[in-house]
Student: 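This is the structure I have questions about; it appears just below.
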Amino acid sequence: MIAIAFKSRRTRRTERVIFWLLRLATYFILACATYIFLDIGIKGSRTVFTSTPPFINLPFLTEPPQTLYVFDYDGKKMTLSDRQFREWKSAHAGVDVEATSVAYSAGGIWPCIVGTALLVIGSMALALGIGISSAIYLSEYSRNGRWIRLVRIAILNLAGVPSIVFGLFGFGLFVIFFGWNVSLIAGWFTLGLMVLPAIITASEESLRAVPQGLREGSLALGASKWQTIRKNVLPYALPGILTSSILGIARVAGETAPIMFTAAYAMKDEMPWQVAKFTDFFFQGVMALPYHIYVVSSKIPQNEYTERVQYGSAFVFLFLVMLIALTSIVLRERSRSRLSW
Amino acid sequence: MVATLEMPETTSPTIVNQPEQVPKAEIERAMIEIEQLDFAYGAHQVLHGVNLNIPARAVTAFIGPSGCGKTTLLRCLNRMNDLIDSARITQGAIRIEGVDINAPGVDVVDLRRRVGMVFQKSNPFPKSIYDNVAYGLRIAGITKRSLIDEAVEKSLRSAALWEEVKDRLHVSGYGLSGGQQQRLCIARALAVEPEIVLMDEPCSALDPIATAKVEELIRQLKEQYTIVIVTHNMQQAGRCSDHTAFFYLGRLIEFDQTAKIFSNPAQRQTEEYITGRFG
Ligand SMILES: Nc1ncnc2c1ncn2[C@@H]1O[C@H](COP(=O)(O)OP(=O)(O)OP(=O)(O)O)[C@@H](O)[C@H]1O
Ligand SMILES: [Mg+2]
């Protein structure tokens, strides 16, 4: 009796210790996440929001980055952007001031937002096109043999390749060998290849989740294989494929390493649509949010004036990624309810 | 394209190479000839030397204990087993109207349009009732709305489902009861007007009233179609089939006129099965 009681007391204690360990681990994650979001949220909103209407710092969202000039004049500390500084100087001709310049810390991040959007759209279109096609081939057409196993292993390995390696690969193949230079199209292919394994795997899973009975039922009515896939398999797999491509979008938008040698410029004066001829559009480098954050956080001397653009960019970036995710979820729910699974 | 060969009005002997002890049924005209068929899933042989001539414009019932290979044989007739990687016909041949359906030149899509199937596990599409029935027609390239409307109504009436669903044709087929789904699948198969209809336990989820309606339908259909039905219901086989094939452990034990099988079977195993003493 006593031995049993002792044992059960010990079991109970272990039980409680484990419970608390697991619970603390979970709370730890929660605390970290809260801290990150609060930090970026609070510091970022100082840049992104204003206390006067329209309450959003529109210039930050709609202007290109500019150099910030800081100087003392008439006992006052002046912080002017590149353009303002030039205006000020012409208004105060003859006055000679000793101004410190802080790169990228004035103006906004509009070209970076546009660049990231272009990179995401192009690379996702590419990755979804190739990824869904090969997933259809793998799960609907190919018979499981040694060759297909090899293909699958290759895809799995591709998924494990670090993003910087994709960056180097893209640089070697697209930028140098194909001679595309640092360009949108080189970035599309590099980022597209990077998310391809995830998209193939997820698409295959979604395709497999479609009951075999739907294929058989369709084929038995005299539908060809492709008709069956197009009308009776793909529509039901697509919501799942879209859901999983949410992750792909976030990754494509967020990675810096693959684009830093292939597509991203630290600074560019023209917007992407300001090109001489149509084809130039694909062969131009762009600014991008993650790369911009990287540049303003590590490529320029840090001081009290750089925080504004760092946290502002991070805030906008986080917001955009969350917006993309939300859109995909809404889209998926829509198509789900239309299918009434 | 499966070439249509003119078949002589009477084929005899009706069961090719049948072992001596299996009695031969008198068949007017064989639509499907199964000859010495061996079938295996990987290394697991499921059908052993099946010889069977299925008559045209008549109802043939497959009976036999669970797992004896009825579904497998049925799925050989529209080459549905092509979808299973390891599945192979290891020997023998199947001819429909004299044409070997597994020959290299055969268009399997056309074959399946001519040989319709109602599956053992009912599989409505996650589409509206209307679209379920119209699916095969649209695949066949029919776009005229009035034609499709007409065919949908006719097929749903044939499957004894029209009255229950005529007011909600555009709601999902998934919202129907199990038995209604089964009839929806029957309607869907009939809509494309195949020449042969394979039905794998089409009444397994139906109440007696719906069952009676489907059986009535089967009796009507044989005016135009060749029908093969798998059933575990002996009364049903008795009521609506002309010929019955009894399978046991992947072998065809006996094939004859239904009346003969149920009144005076030649094989002891057949008798034991239909009287419920085993299986
Ligand atoms: N896809 C498959 N892969 C491997 N073996 C299978 C497969 N389908 C059926 N079998 C095997 O083939 C044998 C015959 O199965 P089948 O489905 O033809 O039986 P059945 O007569 O239709 O049975 P039931 O009356 O229960 O439907 C069984 O032993 C089964 O395990
Ligand atoms: Mg079966």
Side-chain angles (χ1 to χ4, degrees), chain A residues 135-152 203-243 331-341, chain B residues 74-75 77-87 107-128 131-141 155 170-175 181 184-185 187-200:
Chain A
I136 290 175
Y137 174 72
L138 286 175
S139 78
E140 306 289 325
Y141 283 94
S142 72
R143 288 196 164 219
N144 257 331
R146 189 176 298 177
W147 168 243
I148 292 302
R149 265 211 307 283
L150 212 72
V151 171
R152 282 181 203 283
S203 304
E204 264 205 89
E205 246 160 52
S206 308
L207 286 168
R208 261 200 305 272
V210 175
Q212 183 67 5
L214 297 189
R215 293 182 184 86
E216 293 187 344
S218 170
L219 290 170
L221 291 168
S224 68
K225 195 150 189 166
W226 174 238
Q227 284 172 323
T228 299
I229 292 169
R230 193 162 47 91
K231 299 210 161 149
N232 226 19
V233 178
L234 213 47
Y236 310 130
L238 226 40
I241 295 175
L242 288 183
T243 321
L331 264 175
R332 172 183 53 127
E333 288 306 314
R334 280 247 185 94
S335 57
R336 272 258 165 91
S337 61
R338 204 183 61 235
L339 296 173
S340 56
W341 254 128
Chain B
L74 206 65
R75 287 168 58 98
L77 303 182
N78 64 348
R79 286 185 53 182
M80 214 29 101
N81 287 324
D82 287 12
L83 302 187
I84 300 167
D85 272 354
S86 62
D107 180 354
V108 64
V109 170
D110 185 59
L111 170 76
R112 290 186 186 136
R113 218 206 59 64
R114 297 171 55 213
V115 185
M117 178 166 230
V118 177
F119 291 82
Q120 178 162 10
K121 236 170 81 187
S122 69
N123 55 349
F125 303 146
K127 305 178 190 294
S128 73
D131 289 339
N132 259 282
V133 184
Y135 186 89
L137 299 166
R138 292 187 175 135
I139 287 289
S155 316
H170 295 283
V171 305
S172 170
Y174 272 32
Q181 289 188 3
L184 181 61
C185 293
R188 193 175 69 189
L190 295 178
V192 292
E193 304 197 336
E195 293 158 35
I196 299 170
V197 185
L198 310 173
M199 295 179 155
D200 202 343

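Just so we're on the same page: letters track the sequence lines, and every chain starts at 1. These numbers were taken from a predicted model, which means no experiment stands behind them.
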Student: Show the nearest heavy-atom pair for residues A:Ser218 and B:Phe125, with the distance to one decimal.
Tutor: N-CZ, 3.5 Å

Student: Only counting residues at least two apart or in another chain, list the ones meeting salt bridge (charged side-chain N to carboxylate O under 4.0 Å, His left out) with A:Arg230.
Tutor: none

Student: Return the set of residues passing side chain to side chain contact (heavy atoms under 4.5 Å, CB included) with B:Ile139 (not counting sequence neighbours), or none when no residue passes.
Tutor: A:Ala223, A:Gln227, A:Lys231, B:Tyr135

Student: Under a 4.5 Å heavy-atom cut-off, does chain A meet the side chain of B:Asp131, its backbone, both or neither?
Tutor: neither

Student: Who in residues 187-196 of chain B is close to chain A, using a strict under-4.5 Å heavy-atom cut-off?
Tutor: B:Arg188, B:Ala189, B:Val192

Student: Using every non-hydrogen atom in the two residues, find where B:Lys127 and A:Asn232 come nearest and quote the distance to one decimal.
Tutor: CE-OD1, 3.4 Å

Student: At a 4.5 Å cut-off on heavy atoms, which part of B:Val171 comes close to chain A: side chain, backbone, both, or neither?
Tutor: neither

Student: To the nearest 0.5 angstrom, please state how far the CG atom of B:Leu83 sits from the NZ atom of A:Lys225.
Tutor: 7.0 Å

Student: Say you draw a straight line from CG of B:Asp107 to OG of A:Ser224; how long is it, rounded to the nearest 0.5 Å?
Tutor: 9.5 Å

Student: Is there a side-chain contact between B:Arg112 and A:Leu221 in this structure, where contact means two heavy atoms from C-beta onward sitting under 4.5 Å apart?
Tutor: no

Student: Taking only residues two or more places apart in sequence, or in another chain, which ones meet A:Arg143 in a salt bridge (charged side-chain N to carboxylate O under 4.0 Å, His left out)?
Tutor: B:Asp85

Student: Test side chain to side chain contact (heavy atoms under 4.5 Å, CB included) on A:Glu216 and B:Met117; report intermediate values, then the result.
Tutor: CA-CA 9 Å; A:Glu216 293 187 344; B:Met117 178 166 230; over 6 Å; no

